[in-house]
Amino acid sequence: MTVTVLIGAQWGDEGKGKLVDMLAERADLVVRYQGGNNAGHTIVREGETFAFHLIPSGVLHAGTICALGNGVVIDPQVLRREVDGLHERGIDFEGRLRISPQAHLIMPYHVALDEAREIAAIASERTGHAGAPAGVQSKDSAAIGTTRRGIGPCYADKTARRGVRVEDIFNEELLRDRITAALSETNVLLEHYGHEGFSVGAVLDQVRAHADFFRPFIADIGVLIERVRERGGEVLLEGAQGTLLDIDHGTYPYVTSSSPVAGGAATGTGIGPTRIERVIGVAKVYATRVGAGPFPTELFDSVGDQLVERGGEFGTTTGRRRRCGWIDFMALRRAAQVNGLTELAVTKLDVLSGFEQVGFCDSYELDGEAITEWPPLTGDLQRCVPVVEMLPGWLKDVASARSLDELPEEARSFLRLIEERVGVPVTFVGTGQDRTAVIDLGAGIA
Ligand code: GDP
Ligand code: IMO
Ligand code: MG
């Protein structure tokens with residue numbers, strides 16, 4: 001009887017999907033609690049690849065119920081496409097899907113606005129027009145580099161209390177009012193960006209058409225979690241994105257618009273924080289980031305290129321090349337603190353095989369002073385210079401290793417260093433893409 005939250009401890013794409021799939025073998029319920037189809041969670045099973053954007057990554061286990069909590073933003077078309085795609089691959093899970101009526105819907109105008117803003121920001125960068133958000137230095141990009149899935153505008157409408165929730169599609173009058181109110185402002189913005197506005201009638205028809213699809217899945221997700229707990233079941237709360245993309249605790253404004261941190265799992269599902277017993281942070285053995293924003297240990301040389309190539313570092317959702325760098329203990333200690341991590345799952349150890357030396361960062365230099373804690377002022381991060389140290393690497397392929405003993409001593413030392421410097425037990429180590437490519441360390445290394 002455990003409620004576990006699994007979160008990204010870096011900038012997303014840490015390998016959360018694979019870990020959730022692995023842990024879901026014993027889970028009765030897997031719940032997404034925030035984000036939307038900006039997420040791309042990959043699972044590789046016997047050579048077959050699945051990439052989930054909205055459906056929780058526990059879906060491949062026949063007995064597991066999958067739920068979308070109130071904190072998730074749902075693009076109905078994307079959800080339906082994902083459900084249909086799974087059917088086509090022989091995975092029938094409709095009886096196992098639950099959706100919170102309070103989850104917000106991503107509307108076509110959210111997607112259009114997200115895209116229009118990104119295009120305008122990129123154009124302003126090119127022309128040198130002052131379009132950057134206030135407080136951002138000139139070297140920063142005005143564009144966030146969003147996934148253009150409508151995430152930011154949807155959460156903005158939610159917070160501004162003019163969003164459309166799943167439950168609204170069952171009440172035509174209310175739905176019309178909500179869409180009318182939202183479009184009265186959004187169409188002005190779209191026109192400002194040179195985009196045609198949307199008509200209330202057309203959006204209404206489009207959204208209403210999904211009512212019958214949603215109806216059978218409606219459930220109170222907080223109550224569902226409580227029931228599973230009460231009968232001794234296992235619940236997994238699946239984070240999307242990562243700690244440093246969190247709206248509050250990330251590298252603002254280069255963040256997503258939700259709360260991927262462990263605290264978000266309580267508000268995003270409707271349970272109290274006392275229910276959560278285990279918090280697993282997932283981190284790559286190096287670091288990556290997609291889109292704009294600070295990334296202290298980023299490598300701009302051929303080593304960075306090698307990480308991209310060997311790690312297959314291209315986005316699951318947008319196909320964009322991921323920026324790569326060495327593992328950053330400053331960032332991981334920050335993640336351990338913000339999330340209250342009880343465990344760390346380190347992924348992609350196999351990708352570092354073949355490097356003569358492997359790097360890590362344990363401190364930054366800020367205005368000539370060494371710092372070992374995350375700077376309290378977000379803007380200071382831009383001036384931080386990472387202090388990168390190098391250790392001997394290992395040449396042996398570790399893909400088939402299933403225990404610590406099978407790893408070269410250098411790889412073991414590197415994992416021990418991670419555990420020690422982050423201050424959280426490393427309980428899993430990923431050694432390949434396949435769901436079985438993992439070393440289960442139980443209570444940790446030490
Ligand atoms: P997520 O968003 O956190 O679920 O991660 P993504 O699926 O976007 O990206 C992680 C990528 O790394 C995927 O292609 C995974 O299949 C892959 N992956 C996960 N764990 C490992 C691992 O231990 N080794 C290798 N080589 N690939 C891994
Ligand atoms: P998973 O769950 C990596 C990034 C985008 C952009 C910023 C804001 O697969 O780890 P958004 O579309 O959310 O408004 O974009 O956040 N981003 C991700 N980066 N993995 C993700 O999800 C991401 N979801 C959003 O690249 O920098
Ligand atoms: Mg991903």
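The basis for the numbers below is simple: all heavy atoms, side chains too, and nothing from hydrogens, waters or symmetry mates. Predicted model only: the values in this text are computed from it and were never measured. All ligand and atom numbering here is 1-based and tracks the order in the structure.
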task = Could you tell me whether Val351 and ligand 1 have an N or O pair separated by under 3.5 Å?
result = no
message = Suppose we measure from atom 27 (O) of ligand 2 to each protein heavy atom; which comes out shortest, and what is that distance?
response = Val290 O, 3.1 Å
ask   = Salt bridge between Asp75 and Arg149, side-chain N to carboxylate O under 4.0 Å?
value = no
query = Nearest protein heavy atom to atom 15 (C) of ligand 1, by residue and atom, and its distance?
reply = Gln433 NE2, 3.8 Å
query = Taking heavy atoms and a distance under 4.0 Å, where does Met22 meet ligand 1: side chain, backbone, both or neither?
reply = neither
message = Please determine whether the number of non-hydrogen atoms from other residues, nucleotides or ligands lying under 6.0 Å from atom CD of Glu25 exceeds 12.
response = no
query = So between Gln34, Arg320, Arg322, whose heavy atom ends up nearest atom 26 (O) of ligand 2?
reply = Arg320
note = So the atoms of ligand 1 within less than 4.0 Å of a heavy atom of Thr431 turn out to be 23 (O)
request  = Using a 4.0 Å heavy-atom cut-off, say whether Thr49 meets ligand 1 through its side chain, its backbone, both or neither.
outcome  = neither
remark   = The single option from Arg323, Lys284, Arg289 that satisfies salt bridge (charged side-chain N to carboxylate O under 4.0 Å, His left out) with Glu313 is Lys284
task = Provide, to 0.1 Å, the distance between atom 21 (C) of ligand 1 and the closest protein heavy atom, together with that atom's residue and name.
result = Gly432 O, 3.4 Å
ask   = Could an N or O of ligand 2 be found under 3.5 Å from any N or O of Asp114, whether backbone or side chain?
value = no
request  = Please determine if Asn38 has a nitrogen or oxygen closer than 3.5 Å to a nitrogen or oxygen of ligand 2.
outcome  = yes
ask   = Looking only at distance, does Val44 have an N or O less than 3.5 Å from an N or O of ligand 1?
value = no
note = protein heavy-atom neighbour closest to atom 20 (N) of ligand 1 works out as Lys18 CD, 3.5 Å
query = Would you call Gly12 a ligand 1 contact, heavy-atom distance under 4.0 Å?
reply = no
task = Nearest heavy atom to atom 4 (C) of ligand 2 wins, so pick from Val73, Leu245, Ile7, Thr256.
result = Leu245
query = Looking at ligand 1, does any of its N/O atoms fall within less than 3.5 Å of an N/O of Leu349?
reply = no
task = With heavy atoms under 4.0 Å as the rule, classify the contact between Lys348 and ligand 1 as side chain, backbone, both or neither.
result = both
note = The atom name of the N, O or S atom in Asp13 nearest to the Mg ion (ligand 3) is OD1
key: Protein residue, atom and distance nearest to atom 7 (O) of ligand 1, heavy-atom basis   = Thr42 OG1, 2.5 Å
ask   = Could Arg416 and Glu419 be called an ion pair, given the rule that one side-chain N must be under 4.0 Å from one carboxylate O?
value = no
ask   = Where is the nearest protein heavy atom to atom 25 (C) of ligand 2: which residue, which atom, and how far?
value = Gln241 CG, 3.7 Å
key: atom 2 (O) of ligand 1 [closest protein heavy-atom partner, distance rounded to 0.1 Å]   = Gly40 O, 2.9 Å
inquiry  = When you compare ligand 2 with Glu14, is there at least one nitrogen or oxygen pair between them that comes in under 3.5 angstrom?
reply    = no
query = Which one holds for Asp13 and ligand 1: side chain close, backbone close, both close, or neither close, with close meaning a heavy atom under 4.0 Å?
reply = both
message = Check contact between Gly145 and ligand 2, using heavy atoms of the residue and a distance below 4.0 angstrom.
response = yes
ask   = Of all the heavy atoms in Arg310, does at least one lie under 4.0 Å from an atom in ligand 1?
value = no
request  = Among all protein heavy atoms, pick the one closest to atom 24 (N) of ligand 1 and tell me residue, atom and distance.
outcome  = Asp350 OD1, 2.8 Å
ask   = Is Arg289 in contact with ligand 2, taking contact as a heavy-atom separation below 4.0 Å?
value = no
ask   = Has Ala240 got an N, O or S atom lying less than 2.8 Å from the Mg ion (ligand 3)?
value = no
key: Nitrogen or oxygen of Gly17 less than 3.5 angstrom from that of ligand 1   = yes
query = Is Lys284 in polar range of ligand 1, meaning some N or O pair under 3.5 Å apart?
reply = no
ask   = What part of Thr316, side chain from CB on, backbone N/CA/C/O, both or neither, has a heavy atom under 4.0 Å from ligand 1?
value = side chain
